[in-house]
Amino acid sequence: MIKVDGVSKIYYTRKGPRRVLDNICMEIRRGQKVGILGLNGAGKSTLVRIISGAELPSSGAVHHGMSVSWPLAFSGAFQGSLSGLDNLRFVCRVYNADYEKSLPFVEEFSELGPYLREPVKKYSSGMVARLAFALSIAVDFDCFLIDEIVSVGDSRFHGKCHTELFEKRKDRAMIIVSHNSGYIREHCDCAGVLLAGRLYMFDNVDAGLAFYDAKSA
């Protein structure tokens, strides 16, 4: 289980402190698919970065009872001077994954060809996203964090991402943040809505979507 316990996040701006998340509490069980809705700027991406450990909360804590991915296609931890392969090697060491086993999958899935051996700083944004998604899937996580990025690339590559994530790994837990109601309805068991920094959770997806639609109208 993953437990988000009283997490708050404050950013300090030129206009003063801005509280993006306010005492967020939630639990994610193994195999559960949780959708988090919110308008742009509601704090959805901040929440998944905190759950992944890529960002620290201002207060509260996240307790991990299972392994959690970084936000899919998040490339903020890549070292630009290293090649895609060197970044893969580093990720495998951090997560105690088998590099030799992961390499063929990343080579095939990312479709980067010889660029996989070039420095990441030479990649286009699309190439970086494909590498990041391939690395995310290559490591065997119990829970995947999805920040609306499975639309990366063309429709064919999008289909590959969908198959790997939602079909081959359908037994894994997922936290999906989005402002797309149809996306949440298709993939999630329950739903929450981020509104003015607070999280409102609903056991029923339709109830969560109705609340979101009413508040965003």
Side-chain angles (χ1 to χ4, degrees), residues 1-9 20-58 60-77 91 95 129 132-133 135-152 158 161-195 197-209 211-212:
M1 177 183 291
I2 299 169
K3 184 177 181 180
V4 180
D5 188 10
V7 164
S8 295
K9 183 65 179 182
V20 177
L21 302 176
D22 186 9
N23 194 34
I24 302 296
C25 296
M26 63 184 298
E27 295 181 351
I28 302 94
R29 301 184 300 276
R30 287 185 179 273
Q32 188 177 23
K33 312 292 190 296
V34 181
I36 305 295
L37 295 122
L39 298 174
N40 290 332
K44 304 185 301 298
S45 296
T46 299
L47 179 59
V48 294
R49 287 198 301 270
I50 290 174
I51 292 174
S52 74
E55 188 168 343
L56 295 175
S58 300
V62 179
H63 305 284
H64 296 104
M66 53 183 168
S67 61
V68 183
S69 77
W70 55 87
L72 295 197
F74 174 70
S75 57
V91 166
Y95 288 94
F133 195 99
L135 265 61
S136 302
I137 297 297
V139 179
D140 193 23
F141 293 109
D142 298 318
C143 179
F144 287 95
L145 303 178
I146 305 168
D147 192 1
E148 288 195 298
I149 51 66
V150 288
S151 59
V152 65
H158 183 194
C161 295
H162 187 280
T163 298
E164 287 292 336
L165 191 58
F166 295 114
E167 295 180 20
K168 294 184 179 180
R169 291 162 181 80
K170 61 183 179 181
D171 60 327
R172 311 301 169 84
M174 297 180 187
I175 303 172
I176 304 175
V177 299
S178 179
H179 58 260
N180 186 317
S181 298
Y183 195 73
I184 296 296
R185 180 179 281 110
E186 180 182 1
H187 297 296
C188 297
D189 308 319
C190 62
V193 178
L194 269 173
L195 181 66
R198 305 302 297 270
L199 179 63
Y200 301 85
M201 289 298 302
F202 299 85
D203 292 333
N204 181 282
V205 171
D206 287 335
L209 294 178
F211 179 83
Y212 173 69

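One-based numbering along the sequence shown. All values below were derived from every heavy atom in this structure, side-chain atoms included, with hydrogens, water molecules and symmetry-related copies excluded.
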Should the ring pair His187 and Tyr183 be called parallel, tilted or perpendicular, given that the plane angle runs from 0 to 90° and is split at 30 and 60? perpendicular
Separation of [Y] [atom2] from [X] [atom1] (nearest 0.5 Å):
X: Met174; Y: Ile146; atom1: CE; atom2: CD1; answer: 5.0 Å
X: Leu37; Y: Ile184; atom1: CG; atom2: CD1; answer: 4.5 Å
X: Ile36; Y: Met26; atom1: CD1; atom2: CE; answer: 4.0 Å
X: Leu145; Y: Ser136; atom1: CG; atom2: OG; answer: 9.5 Å

Could you tell me whether a side-chain N or O of [X] sits under 3.5 Å from a main-chain N or O of [Y], the two making a donor and an acceptor?
X: Lys33; Y: Gly31; result: yes
X: Arg198; Y: Asp22; result: yes
X: Lys3; Y: His63; result: no
X: His64; Y: Ser52; result: no

Could I get the full list of side-chain hydrogen bond (donor to acceptor under 3.5 Å, both in side chains) partners for [X], not counting sequence neighbours?
X: Arg169; answer: Glu164
X: Thr163; answer: none
X: Ser45; answer: Asp147

Check side chain to side chain contact (heavy atoms under 4.5 Å, CB included) between [X] and all other residues, then give those that pass, not counting sequence neighbours.
X: Ala173; answer: Ile28, Met66, Cys143
X: Leu39; answer: Tyr212, Ser216
X: Ala207; answer: Phe202, Asn204
X: Val91; answer: Trp70, Tyr95, Leu135, Val139

pair [X]-[Y]: side-chain heavy atoms closer than 4.5 Å:
X: Ile24; Y: Leu194; value: yes
X: Lys168; Y: Ile137; value: no
X: Leu21; Y: Ile50; value: yes

Those residues that, when tested against Arg30, pass salt bridge (Lys or Arg N to Asp or Glu O under 4.0 Å) (two or more places apart): Asp142
Listed by chain and number, what are the salt bridge (Lys or Arg N to Asp or Glu O under 4.0 Å) partners of Lys9, not counting sequence neighbours? Glu55
With salt bridge (Lys or Arg N to Asp or Glu O under 4.0 Å) as the rule and sequence neighbours excluded, what pairs involving residues 171-190 come up? Asp140-Arg172, Arg185-Asp206
Exercise: identify the closest heavy-atom pair between [X] and [Y]:
X: Ser178; Y: Lys44; value: O-CD, 3.5 Å
X: Met201; Y: Gly192; value: SD-CA, 3.6 Å
X: Ala61; Y: Val7; value: O-CG2, 3.5 Å

